[in-house]
Every structure is written in structure tokens, then in C-alpha cells.
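Numbered from 1 within each chain, the chains take letters A, B, ... in sequence-line order. Just so you know, these numbers come straight off a predicted model, no measurement behind them.
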Amino acid sequence: MSILKLILILTVVNLLPRILPVFFVGKFELPDTVITFLNYVPIAALGVLIFPGVLTAVETPTHGVLGAIFAALLGIMRVPLFFVVVFSVAFVYLLMFIM
Amino acid sequence: MSKVYTQSLADGITIGLGYLPVAMAFGITAKPLLDLLSAGLMSALNFAGAGQFLTLQMLNNSSYIAIIIAVFILNSRMFIMSFKINYDLKHLDFFKRFLISMFVTDESFAVTSRYPEERKTFIDYFVTLFISYVFWIVFTVVGYLTGEVMSDTLVVASGIALYALFIALLMPSVRDYKNLVVAGLGMGMHFLFKEIGLASGIAIVLAMLGAAWIGLFLDLKDKNWRSVS
């Protein structure tokens with residue numbers, strides 16, 4: 001099997017879980033408990049996506065954690081997303097020179 | 001340009017900036033293994049950060065079937081995310097939801113999930129998702145072609161970008177203690193499930209569902225408590 005075929009099969013594998021819900025949603029009313037559950041999914045996903053990945057995101061776990069704290073402070077100060085991303089990269093960049 | 005476009009454009013670029021180092025790293029990693037066309041096609045057709053790295057990792061020493069199964073497990077979380085997006089957009093017609101769903105990623109899910117009611121439109125979602133998709137492809141190619149001449153320090157430092165994005169998205173909602181508990185448990189469960197050796201995709205899905213379930217539980221408890229007091 002060629003690499004191109006593999007990429008095409010993986011395209012289907014990648015699209016399938018994304019596309020399937022399109023066919024279900026709207027067909028039936030979801031109970032309130034399911035909706036409440038769904039509303040917690042983004043928050044749960046954010047937790048899952050942040051940790052433990054952040055420990056291996058940059059050169060050292062310490063840099064990762066300090067970068068995370070810096071981003072959290074900017075987030076609390078309601079700095080727009082775009083600038084949180086740019087400033088956090090700059091912060092870790094500086095960290096790499098001083099420690 | 002209307003406000004809708006500029007906001008969604010900004011969101012798309014923000015996600016795209018988060019993708020930039022990851023896409024470049026993918027391009028650089030792919031270079032010894034794939035030709036430029038295959039690497040670019042993989043980003044254009046698969047659009048799955050972790051899944052693509054996994055594919056590269058397994059390319060030399062695993063069967064294609066093993067790669068396909070591993071990628072499927074890793075991406076099963078997209079079902080849950082796309083389900084939530086489709087539920088939020090259930091007022092849109094089938095075709096529009098189909099088009100949006102094709103581009104769902106962790107990052108676009110996280111960003112769009114906090115769009116207020118008036119931004120739950122096709123244009124808002126599509127612009128955000130599509131711009132980030134373009135970044136992913138373009139910087140895969142850029143990484144492939146120019147990886148060696150980039151400053152290593154800057155590429156490494158930009159590894160924080162996606163995490164900064166996730167953290168900034170999380171911050172406003174943890175003022176509610178239930179959200180704080182759910183996010184914290186998501187982190188803890190993910191760590192634990194990885195430590196006990198579960199496959200990455202399974203660990204992610206279980207931690208996500210487990211933490212969201214605790215959220216539901218706390219919510220129901222809160223409501224019961226309010227109704228008796």
C-alpha cells in the first residue's frame with residue numbers, strides 16, 4: 001500500500017467522527033441531563049488538553065508551568081486571546097535565556 | 001469589513017498562531033520520511049495534529065492497519081466535540097453543519113464553545129475554523145521547506161502557544177467552582193489514565209467524559225439543594 005493510499009484512508013478515519021454527529025443532531029430532543037452534560041464537555045476538554053501536556057510543551061517542565069501561569073494571569077486580566085498567545089510565546093522565549 | 005468577520009478572523013488567526021509551531025514541527029519531522037506533496041496532503045486532508053505526528057512515528061515500524069486503528073482511537077474525541085458543536089448549531093441546515101464539522105479540532109472546539117448566542121452562525125464558525133485550517137497547511141509546508149533556518153529557540157518557545165490558548169479560554173469560566181472542579185478533574189484523570197498506561201486517545205476520551213460527568217453530578221446536586229432550601 002502506498003503512502004498516498006494510507007493518507008486517503010486516514011482522511012476517512014479523521015472525518016468520520018467529525019461528520020457522524022451531523023446526521024444525529026436535530027433528529028430528536030435531548031433530555032436536560034444530557035444537555036447539561038454536554039455543556040460541561042468544553043471545560044472538561046480544556047482541563048484534559050492542558051495537563052499533563054503542558055509539562056512537555058517546551059524545553060523543560062518548569063518553563064511549561066511558568067508559561068502556563070503567565071498565560072493564566074493574562075487570561076484573568078481578560079487580555080484578548082491573540083495577545084495571550086503571542087505574549088506567552090515571548091515570555092517563554094525570554095525564560096529560555098535567563099534560566 | 002463587518003464586525004462578525006473581523007472577530008472570527010481574529011479568532012481564526014489566534015488558533016492559527018497556536019498551530020504555527022506545531023505545523024512547522026510536523027513539516028520538519030516529516031521531511032526525512034515523506035516528500036513535500038505527501039506531507040502537505042496529510043495536513044490538508046487529515047488536519048489532525050496529534051494524529052499526524054502519531055502517523056509519522058509509526059510509519060517505519062508499524063503496519064498501516066495499526067496506524068489506522070491508533071489514529072481512529074486518538075481521534076474518537078472529535079465525535080464528542082463535533083456532537084456538541086452540532087447541538088449548538090442545530091438551527092443550521094444539514095449542509096452547513098456538515099461543512100463546519102469537517103474542520104473541527106480541539107482548538108476550534110474550545111474557542112467556538114464560548115461564542116455567545118448571536119455568534120452561533122455559519123459564518124462565525126466557518127471563518128474561524130477555515131482560517132486556522134489554512135494556517136495548518138501553510139505552516140506545514142513552511143516548516144518542511146525552511147525548518148532548518150528557523151531559530152530553534154523561537155520554535156521551541158512557541159510550543160507554549162496552544163497551551164496559552166487553552167488556559168486563556170479556561171480562565172473566565174473557573175470563577176464558577178463547578179467548572180474549576182471539572183477542569184481540575186479533567187487534568188487529574190488525564191494524568192492518571194496516562195500513568196496507568198492507557199492509549200493516549202482512550203485516556204483523553206475517558207478523562208473528558210469522566211470530568212464532564214462529575215460536572216453534571218455537581219450541577220444536579222446544586223439544583224436539588226436549591227429546591228429544598
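Judged by the 6.0 Å distance and 45° axis criteria, K90(B) is positioned over the aromatic ring of Y87(B).
Ranked by non-hydrogen atom pairs under 4.5 Å with chain A, the options I85(B), N75(B), L74(B), L37(B) are led by N75(B). Of the listed residues (A207(B), S173(B), S101(B)), the one with the most heavy-atom contacts under 4.5 Å to chain A is S101(B). Between chain A and the residues L209(B), L34(B), L220(B), the largest count of heavy-atom pairs under 4.5 Å involves L209(B). The most heavy-atom pairs under 4.5 Å with chain A, out of A44(B), A157(B), G159(B), G184(B), come from A157(B). Among A203(B), G210(B), A168(B), the residue making the largest number of heavy-atom pairs under 4.5 Å with chain A is A168(B). If you tally non-hydrogen atom pairs under 4.5 Å between each of K178(B), H91(B), K194(B), R114(B) and chain A, the highest count goes to K178(B). When the candidates D32(A), T33(A), L20(A) are compared by the number of heavy-atom contacts under 4.5 Å with chain B, T33(A) comes out ahead.
Using a 4.5 Å cut-off between heavy atoms, M187(B) touches chain A through backbone and side chain atoms alike. Neither the backbone nor the side chain of L73(A) comes within contact range of chain B; no heavy atom of the residue lies under 4.5 Å from a heavy atom of that chain. Within the 4.5 angstrom heavy-atom criterion, atoms from both the backbone and the side chain of S158(B) approach chain A. For F72(B), the parts lying under 4.5 angstrom from a heavy atom of chain A are both the backbone and the side chain. Proximity to chain B is absent for every atom of F70(A), based on heavy atoms less than 4.5 angstrom apart. For a residue to count as touching a neighbouring chain, one of its non-hydrogen atoms must lie under 4.5 Å from one of that chain's; by this rule F97(A) touches chain B with the side chain only. With a 4.5 Å cut-off on non-hydrogen atoms, M189(B) does not touch chain A at all. Residue L30(A) touches chain B through its side chain alone, counting heavy-atom pairs closer than 4.5 Å. For a residue to count as touching a neighbouring chain, one of its non-hydrogen atoms must lie under 4.5 Å from one of that chain's; by this rule L81(A) touches chain B with backbone and side chain alike. Neither the backbone nor the side chain of V12(A) comes within contact range of chain B, judged by heavy atoms closer than 4.5 Å.
Y115(B) and T128(B) are linked by a side-chain donor-acceptor pair at a separation below 3.5 angstrom, with hydrogens and angles left out of the test.
Residue pairs satisfying the salt bridge (Lys or Arg N to Asp or Glu O under 4.0 Å) criterion with at least one member in residues 92-109 of chain B, sequence neighbours excluded, are listed as follows: R77(B)-D106(B).
Between F47(B) and Y133(B), the ring planes lie perpendicular to each other; the angle is over 60°, past the 30° to 60° tilted range.
In this structure, K84(B) contributes its side chain and N39(A) its backbone to no donor-acceptor pair below 3.5 Å.
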